[in-house]
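Just follow the structure's listing: the first ligand is 1, and inside any ligand the first atom is 1.
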Amino acid sequence: MARTLLFLVLLCSCTALLTCTNGGDGGAGLRMKLTHVDARGNYTDEELVRRAVAVGRQRLAVVDAMASGGGGGGVGVPVHWATLQYVAEYLIGDPPQRAEALVDTGSDLVWTQCSTCLRRVCAKQTLPYYNSSASSSFAPVPCKEKLCAASDLYFCALDGGCSVIASYGAGSIVGFLGTEAFSFQSGTAELAFGCVTFTIIFPGALQGSSGLIGLGRGRLSLVSQTGAKKFSYCLTRYFHNNGASGHLFVGASASLGGGDGPVMTTPFVKGPKGSPFYYLPLVGLTVGKTRLPIPSTVFDLREIAPGVVVGGVIIDSGTPFTSLVPDAYDALAAELTAQLNGSLVPVPPPGDGSAVGAGALCVARRDVDRVVPTLVFHFRGGADMALPPENYWAPADKATACMAIYAGGRYRSLIGNFQQQNMHVLYDLANGEFSFQAAECSAL
Ligand SMILES: *[C@@H]1O[C@H](CO)[C@@H](O)[C@H](O)[C@H]1NC(C)=O
Ligand SMILES: *[C@@H]1O[C@H](CO)[C@@H](O)[C@H](O)[C@H]1NC(C)=O
Ligand SMILES: *[C@@H]1O[C@H](CO)[C@@H](O)[C@H](O)[C@H]1NC(C)=O
């Protein structure tokens, strides 16, 4: 039943028209501090990895469930939020109320749970629910307004309001569209948002935050609504970062140049119609000095049936670990196995505090920096993303570290946030380009 609803919703979202209007960039643009959801807990490195692995598994399970229930192999179904990892604080309303949102480049709607939420069907959150009656700047969006139709799935409520539904890997939310004054670490914006009154998601998927901020390509995302032509984020190191926070910049404040290395740029690939995701033209991989024998076509988007587009490489802020299509993963694992010969150690047994499964490549933790070669992701246009060991190897237990790149689905590859640590990445929407630069993110 739930699956049918989910699929219906996804079907509808595929046919949604995505166009942008609205001017005004908020002048200097918006800036917000990004805190990793696990920063609030007191976790060891291995526990952090274990949590991230669990996150990845949960997400894959959702994708598989959709694929088996969705007809057409489900391969054209977008992989929406199953778990997200970075939280931004903001203020909403007048007088301002505090809220915390998970930031998601893979969806559009900005939403927060509202005090009209029936407690039994809303997720627990750390801060009080937002109360629209206590805010003088709140206004409901009437169903008749164009803004309402900008939602992927909406219907007219009995009172003439605009009810919206959004579905994710983690579940669905129902609410009504309103407008409010939002205030971020720096910068303010008047935004249409979902005041959510019904939440059916996996326990824990909201991580105690109040809602989501969508940064996708659709019309209701924060990026589209503010008319921002670009946004950037810089994620601090996963481990030993001493509580340092990364940042998200939307609009004029988003720019590279303060980092350590050269700025690399590659064009975005046009994704399937209606997809909120950002696709990149990955063309190959190099490990150490060896370019892997992978045909670049394994990374292409392709149409396997009329209207069913599969494949491609997504850059994602919400998924921890990178996954590659099997052809690419196998070539990477084979080459690393050869290069690490002599240094490889057995995968720590599960249940022994190990964070990884069988088949992983592991070395002694003290050896990582000495033996693990640099891995380079080559993008079209000569943009090379060089990953030091710490961007693709993670501690599995006290003595062992393992590669944190996984064999993914048959068609699609995904670049996760672990790979993006200490890298400032810029999504330039006006020019259709993605840029990145190595950076000390805590210093931005
Ligand atoms: C974190 O955990 C360690 C080991 O379990 C403990 O020694 C330390 O006091 C904890 N720190 C905080 C802030 O809870
Ligand atoms: C919301 O705010 C109104 C107006 O201040 C107040 O009367 C009401 O009790 C509040 N609701 C909740 C659930 O706090
Ligand atoms: C790995 O090392 C062993 C012993 O040092 C050697 O016999 C073997 O040929 C090496 N294999 C590769 C693939 O380098």
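Residue Ser133 has no nitrogen or oxygen atom sitting less than 3.5 Å from a nitrogen or oxygen atom of ligand 2, judged on distance alone.
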Before you tell me yes or no, could you show the steps for Ser137 and Glu180 under side-chain hydrogen bond (donor to acceptor under 3.5 Å, both in side chains), namely the whole-Å CA-CA distance, both residues' side-chain angles and the distance that decides it to 0.1 Å?
CA-CA 6 Å; Ser137 46; Glu180 255 295 14; 2.7 Å; yes
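Between Phe193 and Tyr130, a ring centre-to-centre spacing shorter than 6.0 Å is recorded. Ring-centre distance between Tyr278 and Tyr427: below the 6.0 Å cut-off.
Tyr168 places a side-chain heavy atom less than 4.5 Å from the side chain of Ile173.
Atoms of ligand 2 lying under 4.0 Å from any heavy atom of Ala134, numbered from 1 in the order shown and given with element: 2 (O), 5 (O). Short contacts between ligand 2 and Asn131, defined as distances under 4.0 Å to a heavy atom of the residue, involve ligand atoms 1 (C), 2 (O), 3 (C), 8 (C), 10 (C), 11 (N), 12 (C), 14 (O).
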